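Structure first, commentary second.
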Amino acid sequence: MKLLEQRYLERLSDLCPTIAAASTEIINLQSILNLPKGTEHFLSDIHGEYEAFFHVLKNGSGTVRRKIDDVFGNTLSSRDKQSLATLIYYPREKMDLIKKTETNLEDWYKINLYRLIEVSKVAASKYTRSKVRKALPKDFAYVIEELITEKQDLTSDKEHYYNEIISTIIRIGRAEEFILAISELIPRLIVDHLHVLGDIYDRGVGPHIIMDKLMTYHSVDIQWGNHDILWMGAAAGQRACIANVIRICARYGNLDILEDGYGINLLPLASLALGVYEDDACGCFQLKKNVYKNKMEMDIDLRMHKAISVIQFKVEGQSIQRNRSFGLEHRLLLDKVNYETGEITLDGIAYPLQDVHFPTIDPANPYALTLEEEEVMERLERGFLACEKLQAHMRFLLANGSLYKVYNGNLLYHGCMPLQEDGTFKESEIYGKRYRGRALYDVLENYVRKGFFALDQQERERGKDIMWYIWQHADSPLFGKDKMATFERYLIAEKETHMERKNPYYSLLEKEEVVDSILLEFGLNPETSHIINGHVPVKLKNGESPSKCNGKVLVIDGGFSKEYQSQTGIAGYTLIYNSYGLLLVAHEPFESTEVAIQKERDIHSDSVVVSRVMERARVKDTDVGKVLQEQVDDLEKLLDAYRNGLVIEKI
């Protein structure tokens, strides 16, 4: 035995000091390897729509309802099944309604406790008792464990024992708390792991609420989206990212996210906006949502929208000038404006601007901030950097997130793989070196982390600027378009200037050789693996399908953002990967939590089987299973070492 292996086995013997201990652990791990694999749930493009997100999280994209169907079959009516599902999703709210109408609460409690216990039994059946025990709510752990490990063929004495538990729970006034606990347990057991494929932020009103929820979720990973990277850049203090974040919040009527959700002071920006644009109609900077209680509040936000947009155009210009290697000089637009005629010249064509009132822009030095704008940006930068809640959310994204993830044979990323027209990987220059394929993803992620943690100030500044690069560069795997035409969409009427051409990736997704090359680049088997990404809404009403290349690529933009639902004809897709295969789930729009509770209206889900395995997948077939198998192999070596006298038992 080699010295290094000898030392390793001796260290391992500290964990399993005897033959009996090593043998027990081998038996335990070998048993776990043969359990069915846990259910994975894939969501993408949540965009701040926290109510719809919470509902899909609670119903597991229909998994909870399918589990109820498995348990009760035809013994419960469809209405009773939906009522039970609503109780699981919203136990407290549902019970508050029941108490107003139900005349015999004791019977209602008893019936629903038994039903919830039956669903819990099935949900827990594919896990070890140890894993289930760790998931149990603390206050009722012992009681729930007793009830859900009950066998079907009960003796009379045992049946009386379990019935007495239920009766006592009701008699001592703990039925509601017990229902709350077991209703939270069921979704926890039904979905083993959650994948969020990006874009938690922007458009909707509650990204901070979603982040709070994710930070308490039992098992989750996140593939950063372009909107998440934008907020990460803002939290790191990158000014172009800060301006973009505030502009988008203003445009969608969501400045409350910054002020109330994160406690960032926007008063300096409001003062600037009212002082400079008080008599300006700001016609090009209309707001996307009409969520205002009064016209004065709307007028202030309108002017803040214009003020931060102008600042954005300036600080983005500064970022371009600071990073010549990014090759973004063609996006320097303020110096292309003739401020006397009110025209801008793009590619040799003069276009009239729809707004020519820019009192803070110096034509001789258009990218310079005024003293007041500079003060506003300094205060905003300090506010983003000092916000404890925002920084905690970003640390969570950094700890649990990445630009891509290879997980159980699938490749997960938010956007795309930048490609040439011929399907080969596009090469990009990052700070003097060239990268393509997986290496491009790796170097960009490395710089994102440097933007938060690098001790070298130059490297930290580069990392901060890379986050802005990822947000809007043509070579960014999270953007995937030739330009971000924010300036043109705001200020130029001619639609041809608004065009943002997609990377060839999106037109090549049906070419098997292209998809296979991407999977091989990440070390995956093209015969069995899939690419799963979001970012682009699937326009079902135009005949588009979320399944590309014979099911090798699955586009699961969740369609949570109501802005897109009129374009797509659907509220998007999610994905379930259980021990039987992959299930693509299409959703109708979510009305509201109130409707879901009062009318027991679930998000109607149509499911399509993408792939079904011939033999049910086990833990041994997963990434976790490979790690456990390595542990078994090592323990068997330790067992041999004990028996051959190479390692001495610690009795």
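This one's a predicted model, so the numbers in the text were calculated from it and none came from an experiment.
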* Stepwise, does the side chain to side chain contact (heavy atoms under 4.5 Å, CB included) test hold for L97 with E93? -> CA-CA 7 Å; L97 286 176; E93 295 86 348; over 6 Å; no
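- In terms of heavy-atom proximity, N410 sits nearest to L524 at C-CD1, 3.9 Å.
- The distance from the CD atom of E40 to the OH atom of Y577 is 6.5 Å, given to the nearest 0.5 Å.
- The backbone N or O of G261 lies less than 3.5 Å from no partner atom in the side chain of D256, so there is not a single donor-acceptor pair.
- Nearest heavy-atom pair across A181 and I144 is CB-CD1, 4.5 Å.
- Salt-bridge annotation for E10 and R7: absent, with no side-chain N of the basic residue lying under 4.0 Å from a carboxylate O of the acidic one.
- Y109 and E176 form a side-chain donor-acceptor contact under 3.5 Å, judged by distance and modelled atom types alone.
- The line from CD1 of I111 to CG of L116 is 12.0 Å long, rounded to the nearest 0.5 Å.
- Between Y252 and I257 there is no side-chain heavy-atom pair separated by less than 4.5 Å.
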* Where do H393 and Y262 land on the ring-ring contact (aromatic ring centres under 6.0 Å, His included) test, with the steps shown first? -> CA-CA 10 Å; H393 286 170; Y262 286 117; 5.5 Å; yes
* Begin with the C-alpha distance, continue with both residues' side-chain angles, and end with the deciding distance and a verdict on salt bridge (Lys or Arg N to Asp or Glu O under 4.0 Å) for K637 and D633. => CA-CA 6 Å; K637 289 179 183 177; D633 295 342; over 6 Å; no
* CA sep, side-chain torsions, deciding dist, call: Y201, H227, ring-ring contact (aromatic ring centres under 6.0 Å, His included) -> CA-CA 6 Å; Y201 282 89; H227 288 270; 9.4 Å; no
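- In this structure, E388 CD and R395 CZ are separated by 8.5 Å, a value rounded to the nearest 0.5 Å.
- For the 3.5 Å distance criterion, the side chains of E146 and Y161 qualify, holding a donor opposite an acceptor.
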* Step by step, would you call L194 with L43 a side chain to side chain contact (heavy atoms under 4.5 Å, CB included)? -> CA-CA 8 Å; L194 174 67; L43 305 176; 3.9 Å; yes
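- R618 contributes atom CZ, which lies 11.5 Å from atom CG of L33 (distance to the nearest 0.5 angstrom).
- Residue S219 comes nearest to H193 through the heavy atom pair OG-ND1, 2.5 Å, listed as atom of the first residue, atom of the second, then distance.
- Side chains of E106 and N104: no donor on one and acceptor on the other come within 3.5 Å.
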* **Verdict with supporting geometry, D139 and E177, side chain to side chain contact (heavy atoms under 4.5 Å, CB included)** => CA-CA 9 Å; D139 289 350; E177 287 77 10; over 6 Å; no
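- With Y127 as the aromatic partner, K134 does not meet the cation-pi criteria of under 6.0 angstrom to the ring centre and within 45 degrees of the ring axis.
- Between K100 and D96 no salt bridge is recorded (no basic side-chain N to carboxylate O distance below 4.0 Å).
- With sequence neighbours excluded, the residues that form a side-chain contact (heavy atoms from CB on, under 4.5 Å) with T528 are N525.
- Remark: aromatic rings of Y90 and H55 are close, center separation under 6.0 Å.
- One N or O on the side chain of H218 and one on the backbone of V191 form a donor-acceptor pair closer than 3.5 Å.
- A salt bridge links R11 with D14: at least one charged nitrogen is closer than 4.0 Å to a carboxylate oxygen.
- Salt bridge annotation for E630-K626: absent, with no cationic side-chain nitrogen under 4.0 angstrom from a carboxylate oxygen.
- Within the 3.5 Å criterion, the main-chain N or O of I200 finds a donor-acceptor partner in the side chain of D228.
- Going from atom CZ of R616 over to atom CG of N578 covers 8.0 Å, rounded to the nearest 0.5 Å.
- Across all their heavy atoms, I148 and V132 have their closest contact at CD1-CG1, 3.8 Å.
- The two residues G60 and R66 come nearest to each other via the heavy atoms O-NH2, 4.3 Å.
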* Report the C-alpha separation of T574 and I556 in whole Å, then their side-chain angles, then the decisive distance to 0.1 Å, and conclude whether the side chain to side chain contact (heavy atoms under 4.5 Å, CB included) test is met. => CA-CA 6 Å; T574 53; I556 60 157; 5.8 Å; no
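- A donor-acceptor pair is defined here as one N or O able to donate and one able to accept, closer than 3.5 Å; such a pair exists between the side chain of T622 and the backbone of V619.
- In this structure, D192 does not pair ionically with K37, as no charged nitrogen and carboxylate oxygen lie closer than 4.0 Å.
- Ring geometry for H195 versus F42: interplanar angle under 30°, hence parallel rather than tilted (30 to 60°).
- Rounding to the nearest 0.5 Å places CD1 of I166 at 8.0 Å from CG of N163.
- Across I264 and C387, no two heavy atoms sit closer than the pair CG1-CB, 4.4 Å.
- Taking the side chain as every heavy atom from C-beta outward, K389 and M211 never approach each other to under 4.5 Å.
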